[in-house]
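Written below as structure tokens is the structure these notes are about.
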Amino acid sequence: MQDRIEELNEAGVAVTASTYDDIEQNASFKSSEELTYPLLSDQDAKTVKSLGILNEDYEEGSSRYGVAHPGVVLVDTEGKVVLKRAEERYEDSSSMDDLLEEVKELVAMEASEEETDAEDTSEN
């Protein structure tokens with residue numbers, strides 16, 4: 001993700017990532033990998049549960065509990081999920097090229113809808 005961060009930012013997307021690791025582990029990983037985007041901690045798995053992407057292979061109490069299926073969630077500025085991709089296996093994930101194209105299309109569609117809404121509002 002880091003190697004495509006500029007392209008995602010240019011497409012109008014702010015990137016964050018989330019793990020089930022604690023804050024200190026995330027800070028260490030972010031530093032060691034030189035990540036420039038926020039790395040959030042979801043130790044109790046509330047976020048992955050609410051998104052329906054919790055990997056249920058690991059039971060509560062397991063050291064791996066809270067692992068999400070690998071994927072991407074795109075949330076618009078109003079907090080609405082506009083894209084959710086989560087695969088059983090990392091190997092099944094879309095390529096970054098495909099993801100970037102889909103994200104660009106979604107961002108363009110959202111901008112077009114906002115423009116249409118603004119025009120409708122100004123006409124009333």
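Keep in mind that this is a model prediction, so the values were computed, not measured. Along the sequence shown, the residues carry numbers beginning at 1. The figures here come from the full heavy-atom set of this structure, side chains too, leaving out hydrogens, waters and symmetry mates.
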Sub-4.5 Å side-chain heavy-atom contact between Glu7 and Met96: no
Closest contact, heavy atoms only, Gly66 versus Ala45: CA-CB, 3.7 Å
Other ILVMFWY residues reachable from Val48 by side-chain steps of under 4.5 Å: Leu51, Ile53, Leu54, Tyr65, Val73, Val75, Val81
Would you be so kind as to tabulate the donor-acceptor pairs closer than 3.5 Å made by side chains of residues 10-18, with sequence neighbours excluded?
none

Trace of the side chain to side chain contact (heavy atoms under 4.5 Å, CB included) decision for Phe29 with Leu35: CA-CA 8 Å; Phe29 181 78; Leu35 302 179; 4.0 Å; yes
CE-CD distance between Met109 and Glu102, expressed to the nearest 0.5 angstrom: 8.5 Å
Partners meeting side-chain contact (heavy atoms from CB on, under 4.5 Å) with Ile23 (sequence neighbours left out): Ser41
Residue pairs fulfilling side chain to side chain donor-acceptor pair (under 3.5 Å) with at least one residue in residues 20-33, sequence neighbours excluded: Thr19-Asn26, Tyr20-Arg64
Approximate separation, where rounding is to 0.5 Å, of Glu6 CD and Leu8 CG: 10.5 Å
Connected via hydrophobic side-chain network under 4.5 Å: Tyr37 and Leu40: no
side-chain hydrogen bond (donor to acceptor under 3.5 Å, both in side chains) involving Gln2 - partner list, sequence neighbours excluded: Thr36
All salt bridge (charged side-chain N to carboxylate O under 4.0 Å, His left out) counterparts of Asp97, not counting sequence neighbours: Arg4
Under the side-chain contact (heavy atoms from CB on, under 4.5 Å) test, residues paired with Asp44 that sit two or more places apart: Asp42, Lys46
